[in-house]
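Remarks on the structure that follows.
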There are 2 protein chains.
Amino acid sequence: MSVRAEQKQKTRRALMDAALTQLSPEKGFASLSLREVAREAGIAPTSFYRHFNELDELGLALVDEAGVTLRQLMRQARKRIEKGGSAVGTSIETFMEYLSSNPNHFRLLLRERTGISKAFRTAIKAELDHFATELAEDLKRAGDLKDRPLDDPQMVADAMVAIIFNQGSEALDSSPKEKATLKERLKIELKYILRGAEIITIENRAKNKAD
Amino acid sequence: MSVRAEQKQKTRRALMDAALTQLSPEKGFASLSLREVAREAGIAPTSFYRHFNELDELGLALVDEAGVTLRQLMRQARKRIEKGGSAVGTSIETFMEYLSSNPNHFRLLLRERTGISKAFRTAIKAELDHFATELAEDLKRAGDLKDRPLDDPQMVADAMVAIIFNQGSEALDSSPKEKATLKERLKIELKYILRGAEIITIENRAKNKAD
DNA sequence: TGTACATCAGTGAACGCGCGTTCACTGATGTAC
DNA sequence: TGTACATCAGTGAACGCGCGTTCACTGATGTAC
């Protein structure tokens with residue numbers, strides 16, 4: 001890459017980091033201003049336009065980044081499970097690590113999922129659907145392997161993602177102690193769903209035989 | 001009430017309705033301006049201060065209102081169930097009716113739950129906790145009655161509320177046809193949780209006996 | 001290698017805009033006698 | 001019932017502010033020969 005292209009890349013990165021850094025419980029992406037972000041990144045407001053057409057374009061780049069990280073994470077969790085960890089426990093552990101190391105990426109997903117901008121909502125929904133679909137495949141594989149197939153792996157995964165995100169939002173701004181409690185709760189709630197979906201398969205089979 | 005007090009009450013109502021009306025998929029409470037709301041309500045911007053100290057105070061009044069409506073709704077659902085409706089089915093039906101008739105109240109809860117203002121988050125969390133706790137009591141009562149007690153009714157209720165709200169947000173801006181599909185999905189996902197929590201009670205009992 | 005020209009990331013001045021908030025006011029409603 | 005005064009919801013002018021965006025520019029980097 002040429003010197004010029006490298007420098008441009010660096011500034012782009014600085015802009016994205018500036019936006020990300022400014023997120024907090026009291027400040028959402030929607031309440032950032034272009035001038036604020038440029039200031040934080042150390043460039044003139046007008047220079048912003050050399051990199052993005054508008055602030056939302058930067059936001060969407062961040063959503064994309066959050067998605068990439070999330071997928072890396074899943075691959076990681078899968079490896080740990082293959083090496084013999086408990087599926088639910090390991091997944092929760094991995095997810096909580098993601099939360100701690102990328103709180104603002106998660107904050108962005110969490111908030112803009114129900115936010116003002118259609119583009120954000122669509123992009124985030126796509127990331128979450130992708131996440132849920134991969135999870136569904138994992139669940140199906142695991143269920144078949146243990147000979148305890150799930151009633152509808154996709155629905156199980158959807159329900160799990162809803163609960164994971166809900167608890168994630170509570171975990172974001174809580175103390176380590178509270179986090180431990182939340183992990184326990186999350187584990188139990190996910191088990192309800194899993195066991196329920198296993199049992200319903202069995203019940204439906206019995207019903208079909210009876211017919 | 002004196003004429004003056006009545007008129008004041010009316011204007012206050014007009015302000016709250018103005019704010020509520022302006023909410024939409026593209027506009028959240030956080031992106032309303034005091035001037036906009038006053039304009040919509042037909043008063044001068046300065047008159048706003050005769051009713052609220054700031055825009056957020058109006059928003060919190062709306063959250064409170066949403067909570068009241070939500071509780072009325074639960075009482076209604078409980079009555080219908082006592083008259084012999086299916087518990088899960090009736091609850092979902094009632095909730096979806098709430099969504100359709102108070103979309104903007106729900107939008108407010110949904111968005112500001114993860115929003116910028118601590119006061120909003122706290123107020124909404126209190127409403128949802130209250131909702132979940134009442135639900136937990138209902139679930140416990142129903143489970144004991146059928147002699148299929150739930151492992152931990154409060155957790156079951158928490159998980160259910162997370163899923164209900166998640167699906168509610170999808171249902172908000174979807175067609176009647178999509179709504180029907182969502183209702184089915186919601187029903188199944190809630191059943192997973194319920195059945196799971198029932199089974200785990202049984203399994204734990206067996207385990208305790210074995211010890 | 002040296003020269004002449006092209007590209008383009010970053011700039012500072014300037015713009016018009018809607019915002020929240022203050023202030024001193026008006027005039028209808030309410031109250032005391 | 002009538003009168004004199006108090007209350008207070010609603011007002012219009014004015015303020016300073018930060019915003020997004022435009023524009024013509026600068027000067028370092030890149031390219032062609």
Side-chain angles (χ1 to χ4, degrees), chain A residues 1-24 26-62 108 111-112 115-120, chain B residues 1-24 26-62 108 111-112 115-120:
Chain A
M1 200 160 40
S2 68
V3 174
R4 203 187 248 171
E6 251 174 31
Q7 180 48 46
K8 187 170 186 185
Q9 190 58 20
K10 248 191 192 169
T11 307
R12 185 188 153 95
R13 188 66 253 161
L15 282 168
M16 289 173 71
D17 286 341
L20 212 47
T21 305
Q22 303 208 354
L23 298 181
S24 75
E26 290 74 34
K27 196 147 205 166
F29 187 84
S31 58
L32 293 182
S33 78
L34 182 152
R35 291 179 102 101
E36 241 176 332
V37 171
R39 209 180 301 132
E40 175 85 16
I43 62 169
T46 48
S47 305
F48 182 91
Y49 296 100
R50 300 286 174 214
H51 302 273
F52 302 98
N53 284 316
E54 37 166 7
L55 200 52
D56 274 9
E57 206 174 296
L58 185 158
L60 290 170
L62 286 174
L108 182 70
R111 283 199 172 135
E112 299 310 322
I116 267 175
S117 152
K118 170 111 191 193
F120 274 86
Chain B
M1 201 161 39
S2 69
V3 174
R4 201 186 248 170
E6 251 174 31
Q7 180 48 47
K8 186 170 188 186
Q9 190 59 20
K10 248 191 192 168
T11 306
R12 185 187 153 97
R13 189 67 252 162
L15 282 168
M16 289 173 71
D17 286 340
L20 211 47
T21 306
Q22 302 208 353
L23 298 182
S24 75
E26 290 74 34
K27 196 147 204 165
F29 187 83
S31 58
L32 292 181
S33 78
L34 182 154
R35 291 180 102 101
E36 242 176 332
V37 171
R39 211 179 299 132
E40 174 83 16
I43 62 170
T46 47
S47 305
F48 182 91
Y49 295 100
R50 299 288 173 212
H51 301 273
F52 302 99
N53 284 317
E54 38 166 6
L55 201 50
D56 274 9
E57 206 175 298
L58 185 158
L60 289 171
L62 286 174
L108 182 71
R111 283 198 172 136
E112 299 309 323
I116 268 176
S117 152
K118 170 110 192 193
F120 274 86

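Worth knowing before you read on, the calculation uses all heavy atoms, side chains too, and leaves out hydrogens, waters and symmetry mates. Here is the naming used below: chain letters follow the sequence lines, and residue numbers restart at 1 for every chain. As the structure is a computational prediction, the values presented were derived from the model and not from experiment.
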Report task. Anything below 3.5 Å on both distances counts as a pair; with that, list the stems of at least three consecutive Watson-Crick or G-U pairs involving DNA chain D. Result -> C:2-33 with D:2-33
Hey, what do you get for [atom1] ([X]) to [atom2] ([Y]), rounding to the nearest 0.5 Å?
| X | Y | atom1 | atom2 | value |
| --- | --- | --- | --- | --- |
| A:Leu20 | A:Phe29 | CG | CZ | 10.0 Å |
| A:Glu54 | A:Leu60 | CD | CG | 8.5 Å |
| A:Gln7 | A:Gln9 | CD | CD | 10.5 Å |

Requested in this report: Go through DNA chain D in 5' to 3' direction and return only the first and the last nucleotide with some atom under 4.0 Å of chain A's heavy atoms.
Outcome: D:dC19 to D:dG30
Query raised in the report: Relative to the 5' end of DNA chain C, which residue comes earlier, A:Ser47 or B:Glu36, by the nucleotide with the nearest heavy atom?
Result: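 Looking at DNA chain C, the more 5' nearest nucleotide goes with A:Ser47.
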Report task. Would you mind telling me which residue lines up with the more 5' stretch of DNA chain C, B:Ala5 or A:Gly42, judged by nearest nucleotide? Result -> A:Gly42
Requested in this report: Would you indicate what B:Ser2 reaches in the nucleic acid, counting non-hydrogen atoms under 4.0 angstrom: base, sugar-phosphate, or nothing?
Outcome: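 Sugar-phosphate contact only.
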Report task. Could you check whether B:Arg12 gets within reach of a base, just the sugar-phosphate, or nothing at all, counting any heavy atom under 4.0 Å? Result ->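 Touches nothing.
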**Report entry** Any A:Met16 side-chain heavy atom under 4.5 Å of A:Phe52 side chain
**Finding:** yes
**Report entry** Residue pair A:His51 / A:Glu57, side-chain heavy-atom distance below 4.5 Å
**Finding:** no
Under 3.5 Å, which donor-acceptor pairs do the side chains of residues 31-49 of chain A form with other protein atoms, sequence neighbours left out?
from	atom 1	to	atom 2	distance (Å)
A:Ser31	OG	A:Gly28	N	3.2
A:Ser31	OG	A:Gly28	O	3.0
A:Ser33	OG	A:Glu36	N	3.0
A:Glu36	OE1	A:Ser33	N	3.0
A:Glu36	OE2	A:Lys27	NZ	2.4
A:Glu40	OE1	A:Gln22	NE2	3.2

Report task. Kindly give the heavy-atom pair with the smallest separation between B:Leu108 and B:Phe120, and that separation in Å. Result ->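 Looking at all heavy atoms of both residues, the shortest contact is CD1-CE2, 4.5 Å.
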Query raised in the report: Which pair of heavy atoms, one from A:Ser24 and one from A:Arg111, lies closest together, and at what distance?
Result: O-NH1, 3.0 Å
**Report entry** Comparing A:Arg4 and A:Leu34 on DNA chain D - which has the more 5′ nearest nucleotide
**Finding:** A:Leu34
